[in-house]
There are 2 protein chains.
Amino acid sequence: MVNAGKPGAGRSGRPRAGEERLSRQAILEAALRIVDAEGLEAMTMRRLATTLGVNPMSLYHHLPNKAAVFAGLVELVFAGMGNSAAADDEVDWRTELTGAAHAYRNALRAHPNLALQVLADAAGVSEVVVVTVEPFYRALDRAGLTPRQIFEAVNTLIDFIHGFSLGEASVRSETFELAPDLLERVSKLQPGQAPTLAKIVGILGADGLHYEFDDGFETGLSLFADGIAARFGL
Amino acid sequence: MVNAGKPGAGRSGRPRAGEERLSRQAILEAALRIVDAEGLEAMTMRRLATTLGVNPMSLYHHLPNKAAVFAGLVELVFAGMGNSAAADDEVDWRTELTGAAHAYRNALRAHPNLALQVLADAAGVSEVVVVTVEPFYRALDRAGLTPRQIFEAVNTLIDFIHGFSLGEASVRSETFELAPDLLERVSKLQPGQAPTLAKIVGILGADGLHYEFDDGFETGLSLFADGIAARFGL
DNA sequence: ACCTGAACACCGTTCAAGT
DNA sequence: ACCTGAACACCGTTCAAGT
């Protein structure tokens with residue numbers, strides 16, 4: 001009735017061999033489509049089941065619970081970065097580092113509705129996540145840092161990318177005008193409450209204050225790379 | 001029966017003047033206690049009502065919905081940073097910037113269970129949030145950057161703090177050993193899948209790989225400050 | 001104005017039963 | 001082994017009714 005064409009509708013019990021309607025993979029793909037189209041909150045087990053033309057309880061034979069579904073989605077996102085950029089020795093450490101950062105950001109950007117979940121779970125999940133940092137390690141190893149320095153610098157850079165991506169994901173569109181909002185908010189403050197902010201925003205507002213995520217990311221990256229170069233004399 | 005001592009239990013209708021049991025403030029304080037003690041998921045409207053000894057629907061006379069409760073909590077957190085550090089002209093830009101960063105991080109750390117919500121909502125909320133960046137602006141204004149440079153540098157630094165705090169919040173304890181987990185994960189990789197990572201982690205693991213959030217934050221901050229100093233010749 | 005009870009339309013998950 | 005139906009213990013929120 002809801003979906004007249006769904007396979008096996010109205011029959012129950014074990015499907016014949018080769019006729020399974022469900023698999024972990026198929027479930028995760030359907031879940032990702034829901035999240036991309038309608039957001040995290042829309043992804044409920046019951047909703048997921050109906051889009052698959054299946055009883056809600058069937059899902060539990062392939063994934064233990066809802067948290068496992070989200071964990072699986074996070075893995076999908078990380079799997080989508082990795083090995084894209086094979087080792088490239090033709091290029092200096094800074095270029096390689098910048099490339100790794102872009103790849104990482106782009107993977108997070110591919111599914112903005114999932115980003116919050118990814119960032120919250122990043123620590124938690126599987127081997128897939130760990131491979132993803134290889135290019136960062138390689139670039140800084142080539143630059144000649146010590147293991148400890150590499151470890152700390154990579155952590156810092158990835159923290160920046162996470163924070164940046166969080167901000168980017170929380171705004172749907174690619175570009176947005178900060179000006180009206182920020183100007184408005186600042187002008188509502190009691191005078192003297194944030195004088196420097198008021199002054200700076202006033203000056204920027206005159207030129208038309210706006211923010212491009214691409215530029216912001218580039219600025220952050222190169223500030224970070226300048227820090228590395230300065231501190232380690234590169 | 002559930003709470004024999006709750007005020008006004010069993011009576012309904014409008015309370016007499018001066019006898020109101022509820023207020024936005026009281027509701028938010030109770031909500032924060034629940035979040036701190038049991039996490040975001042435990043904070044449901046029905047749960048909140050019972051801890052206040054009140055019908056769930058009473059809450060809706062003070063806050064329009066659950067999202068507004070969380071938005072109110074986010075405001076509380078930001079209100080907890082601000083004006084702690086009054087302008088201090090005795091000190092150089094770098095010290096002032098570092099101080100602002102610590103204050104910001106500490107406010108986020110005060111309610112780890114709320115951090116994810118705060119970071120997800122940070123863009124969305126009220127004037128309270130905007131005041132919070134004043135010390136950052138002041139420090140870099142004093143350093144002599146242009147308005148545009150200040151704007152971009154502050155964005156970058158705050159992105160780092162957000163990403164860092166996300167990682168910190170997602171791990172409950174103050175310190176944790178990365179070694180067993182990270183070493184284990186890396187050793188499970190297929191050989192050659194992440195050679196540099198494997199090498200670095202191997203070396204660090206020998207010394208006992210561990211991570212202190214306080215040190216990590218300091219490292220990130222000073223890398224960032226080095227970048228500012230190098231780029232702008234300070 | 002402020003609080004309440006009953007109701008609606010949802011959830012995730014367990015359990016026993018089908019094939 | 002895999003799928004199902006009914007049931008349990010929850011949700012957020014609307015609406016009409018109390019004082």
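Chain identifiers are assigned alphabetically (A, B, ...) following the order of the sequence lines, protein sequences preceding nucleic acid strands; residue numbering begins at 1 within each chain. Worth saying up front: this structure is predicted, and the values here are computed from it rather than measured. Values below: all heavy atoms of this structure, side chains included; hydrogens, waters and symmetry mates excluded.
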Problem - Separation of atom CG in A:Leu63 from atom P in C:dG12, rounded to whole Å - result: 13 Å
Exercise for the section: For A:Ser58, report the nucleic acid contact type (base, sugar-phosphate, nothing); a contact means any heavy atom under 4.0 Å. Expected result: base
Handout entry: Those residues that, when tested against A:Ser58, pass side chain to side chain donor-acceptor pair (under 3.5 Å) (two or more places apart)
Key = none
Practice task
Whole angstrom is fine here: how far is it from CG in B:Leu40 over to C1' in D:dC11?
Solution key: 16 Å
Fill in the blank from the handout: What one should report as the nearest heavy-atom pair of A:Val77 and A:Ala107 is CG1-O, 3.8 Å
List the atom pairs, with distances to 0.1 Å, where a side-chain N or O of residues 27-41 of chain A and a protein N or O form a donor-acceptor pair under 3.5 Å, not counting sequence neighbours.
residue, atom, partner, partner atom, Å
A:Glu29, OE2, A:Gln25, NE2, 3.0
A:Asp36, OD1, A:His111, ND1, 2.9
A:Asp36, OD2, A:His111, ND1, 2.8
A:Glu38, OE1, A:Arg47, NH2, 3.1
A:Glu38, OE2, A:Arg47, NH2, 2.2

Handout entry: A:His62 side chain near D:dC3 phosphate (N/O to OP1/OP2, under 4.0 Å)
Key = yes
Completion exercise
Contacts of B:His61 and B:Asn65 projected onto DNA chain D by closest heavy atom; the upstream (5') one is B:Asn65
Exercise for the section: List in chain and number order the residues that pass side chain to side chain donor-acceptor pair (under 3.5 Å) with A:Asn106, two or more places apart in sequence or in another chain; answer none if no residue qualifies. Expected result: A:Arg109
Practice task
Sequence neighbours left out, what passes salt bridge (charged side-chain N to carboxylate O under 4.0 Å, His left out) with A:Glu152? Give chain and number order.
Solution key: A:Arg148
Exercise for the section: Rounded to the nearest angstrom, tell me the gap between atom CD1 in A:Ile34 and atom C1' in C:dC11. Expected result: 14 Å
Handout entry: Protein-nucleotide distance (A:Tyr60, atom OH; C:dT14, atom C1'), rounded to Å
Key = 10 Å
Handout entry: Involving DNA chain C, stems made of at least three consecutive Watson-Crick or G-U pairs, both distances under 3.5 Å
Key = C:4-8 with D:12-16, C:12-16 with D:4-8
Practice task
To the nearest Å, give me how far apart NZ (B:Lys66) and C1' (D:dC11) are.
Solution key: 8 Å
Fill in the blank from the handout: Residue set satisfying ring pair (Phe, Tyr, Trp, His ring centres under 6.0 Å) with A:His61, at least two apart, ordered chain then number -> none
Practice task
Starting at atom CE of B:Met45, determine the distance to atom P of D:dG12, rounded to an integer number of angstrom.
Solution key: 7 Å
Problem - Ring geometry between B:Phe217 and B:Phe164 (parallel below 30°, tilted from 30 to 60°, perpendicular above 60°) - result: tilted
Exercise for the section: Measure the distance from CG on A:Asn55 to C1' on C:dT14 and round it to the nearest whole Å. Expected result: 13 Å
Exercise for the section: Take atom CG of B:Leu48 and atom P of D:dT13, then tell me their distance rounded to the nearest Å. Expected result: 12 Å
Fill in the blank from the handout: Across all chains, not counting sequence neighbours, the side chain to side chain contact (heavy atoms under 4.5 Å, CB included) partners of A:Leu116 are A:Leu166, B:Leu116, B:Ala120
Report each atom pair, protein N/O against N/O of nucleotides 7-9 of chain D, whose distance is under 3.5 angstrom.
none

Problem - Non-neighbouring partners of B:Thr219 that pass side chain to side chain donor-acceptor pair (under 3.5 Å), sequence neighbours left out - result: none
